[in-house]
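The next block holds one structure in the form of C-alpha cells; read it before the comments.
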Amino acid sequence: MKVLVLNGSPRAKGSNTVKIAHAFVDGVRDALEGPKAKGLQAPGADGNLTVDEIDVISKQVGPCRGCFSCWTKTPGSCVIRDDMTDILEKIKAADVVVWSFPLYYFGIPSHLKALMDRMLPLNLPEMGPREDGGTSHFARYDLSRQRQVLISTSGFPSVRNNYEALLAQFSILFGKHGFTPIICP
C-alpha cells in the first residue's frame with residue numbers, strides 16, 4: 001500500500017496537523033502489520049506499506065495559468081516545469097492520499113490550493129453529470145482504488161460554521177463518500 005501525505009501546513013514538520021497525520025499513518029501501519037504478524041493478510045493489502053510525505057511549503061508549485069495546455073497541447077502533462085510534475089506522479093501512484101493542513105480562513109492554505117489547482121491534468125476536458133446533480137470533468141486516469149483522507153486542525157472550538165465550505169469542496173472533488181474527514185477543532 002502506498003500512502004502519500006500532502007503536508008499543507010506552512011510550519012512543515014513542526015505543525016500539529018502533521019503530527020495527527022503521522023498518527024494516522026502509524027495506525028495504518030499497525031493495521032497492516034497486525035494481520036501480517038499473525039500469518040494473515042489485511043484485505044486488499046500486500047502487507048507492504050510505503051509512505052511518502054511532501055511538505056508542500058518547501059516545493060516550487062506555481063499557480064495554474066488556466067492555459068488548458070494539459071488538455072490540448074500536452075494531454076495529461078502541465079507545461080509549467082516545477083515540482084508539480086513529480087507530485088502528480090506520486091498522486092497517481094498512491095493508494096491513499098492524506099491531505100493534512102490547518103484551516104486557513106475557512107479553507108485550504110494558499111500553497112496547497114495552488115497544488116490542488118494544478119491537478120487539472122488528471123482530468124479530461126469532457127464533462128458529465130455527477131451523482132449529486134452537479135457537473136464535473138471525467139478522470140483521465142482510473143484512480144477508483146484511491147482513497148482520500150482529509151486531516152485538518154483549527155483554533156476554533158467546533159466544526160460547526162467553520163468547516164462547511166471545506167467539507168463541501170472535498171465532497172464535490174472526491175464524491176460524498178470518496179474521502180474520510182478527520183477534523184480537529
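Since we're looking at a predicted model, the values are computed, not measured. The analysis underlying the following values was restricted to heavy atoms, covering all of them including side chains, and did not include hydrogens, waters or symmetry mates.
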[X] side chain to [Y] main-chain N or O, any donor-acceptor pair under 3.5 Å?
| X | Y | answer |
| --- | --- | --- |
| Arg140 | Asn123 | yes |
| Glu33 | Val28 | no |
| Arg145 | Ala94 | yes |

Test item: [X] and [Y] side chains (from C-beta on) under 4.5 Å apart, heavy atoms:
| X | Y | result |
| --- | --- | --- |
| Asn7 | Val56 | no |
| Ser9 | Phe101 | no |
| Gln146 | Asp95 | no |
| Ser136 | Met127 | no |
| Val79 | Lys73 | no |
| Leu6 | Glu53 | no |
| Ile87 | Lys59 | yes |
| Ser158 | Phe156 | no |

Rounded at 0.5 Å granularity, tell me how far [atom1] in [X] sits from [atom2] in [Y].
| X | Y | atom1 | atom2 | result |
| --- | --- | --- | --- | --- |
| Ser154 | Tyr163 | OG | OH | 3.5 Å |
| Ile183 | Leu166 | CD1 | CG | 6.0 Å |
| Asp30 | Leu49 | CG | CG | 10.0 Å |
| His137 | Leu124 | NE2 | CG | 9.5 Å |
| Ser58 | Asp83 | OG | CG | 8.0 Å |
| Cys64 | Leu120 | SG | CG | 5.5 Å |

With the 4.5 Å side-chain cut-off for hydrophobic clustering, are [X] and [Y] part of the same group?
| X | Y | value |
| --- | --- | --- |
| Ile54 | Leu143 | yes |
| Leu173 | Met119 | yes |
| Tyr104 | Ile182 | no |
| Leu112 | Leu122 | yes |
| Ile57 | Val18 | no |

Apply side chain to side chain contact (heavy atoms under 4.5 Å, CB included) to the pair Val5 and His22, showing each step before the final yes or no.
CA-CA 9 Å; Val5 177; His22 292 166; 5.5 Å; no

Classify the angle between the aromatic ring planes of Phe68 and Trp71 as parallel (below 30°), tilted (30 to 60°) or perpendicular (above 60°).
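Phe68 and Trp71: parallel rings.
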
Parallel, tilted or perpendicular: which describes the rings of Phe170 and Trp99, with under 30° parallel and over 60° perpendicular?
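Correct class here is perpendicular.
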
Stepwise side chain to side chain contact (heavy atoms under 4.5 Å, CB included) check, Met1 with Leu32
CA-CA 9 Å; Met1 176 184 289; Leu32 290 175; 4.2 Å; yes

Ile151 and Phe24: side chain to side chain contact (heavy atoms under 4.5 Å, CB included), yes or no, with the steps?
CA-CA 9 Å; Ile151 298 176; Phe24 174 82; 4.0 Å; yes

Taking all heavy atoms of [X] and all of [Y], pick out the closest pair and write down the distance.
| X | Y | answer |
| --- | --- | --- |
| Ala21 | Ser100 | CB-OG, 3.7 Å |
| Arg29 | Val51 | NH2-CG2, 3.8 Å |
| Pro157 | Pro185 | C-CB, 4.0 Å |
| Phe179 | Gly175 | CD2-O, 3.8 Å |
| Asp82 | Val61 | OD2-CA, 3.5 Å |
| Pro63 | Ile80 | O-CD1, 3.5 Å |

Cys78 vs Met84, test: side chain to side chain contact (heavy atoms under 4.5 Å, CB included). Steps then yes/no.
CA-CA 8 Å; Cys78 183; Met84 195 61 195; over 6 Å; no

What do you reckon, is [atom1] of [X] surrounded by more than 12 foreign heavy atoms closer than 6.0 Å?
| X | atom1 | value |
| --- | --- | --- |
| Arg160 | CZ | no |
| Lys2 | NZ | no |
| Glu131 | CD | no |
| Arg130 | CZ | yes |

Which residue is it: Ile108, Val97, Leu167, Val98? I am looking for the one with a side chain to side chain contact (heavy atoms under 4.5 Å, CB included) to Leu150.
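Passing option: Leu167.
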
Look at Lys113 together with Asp117 and state whether they make a salt bridge at an N to O cut-off of under 4.0 Å.
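The answer is yes: the pair qualifies as a salt bridge.
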
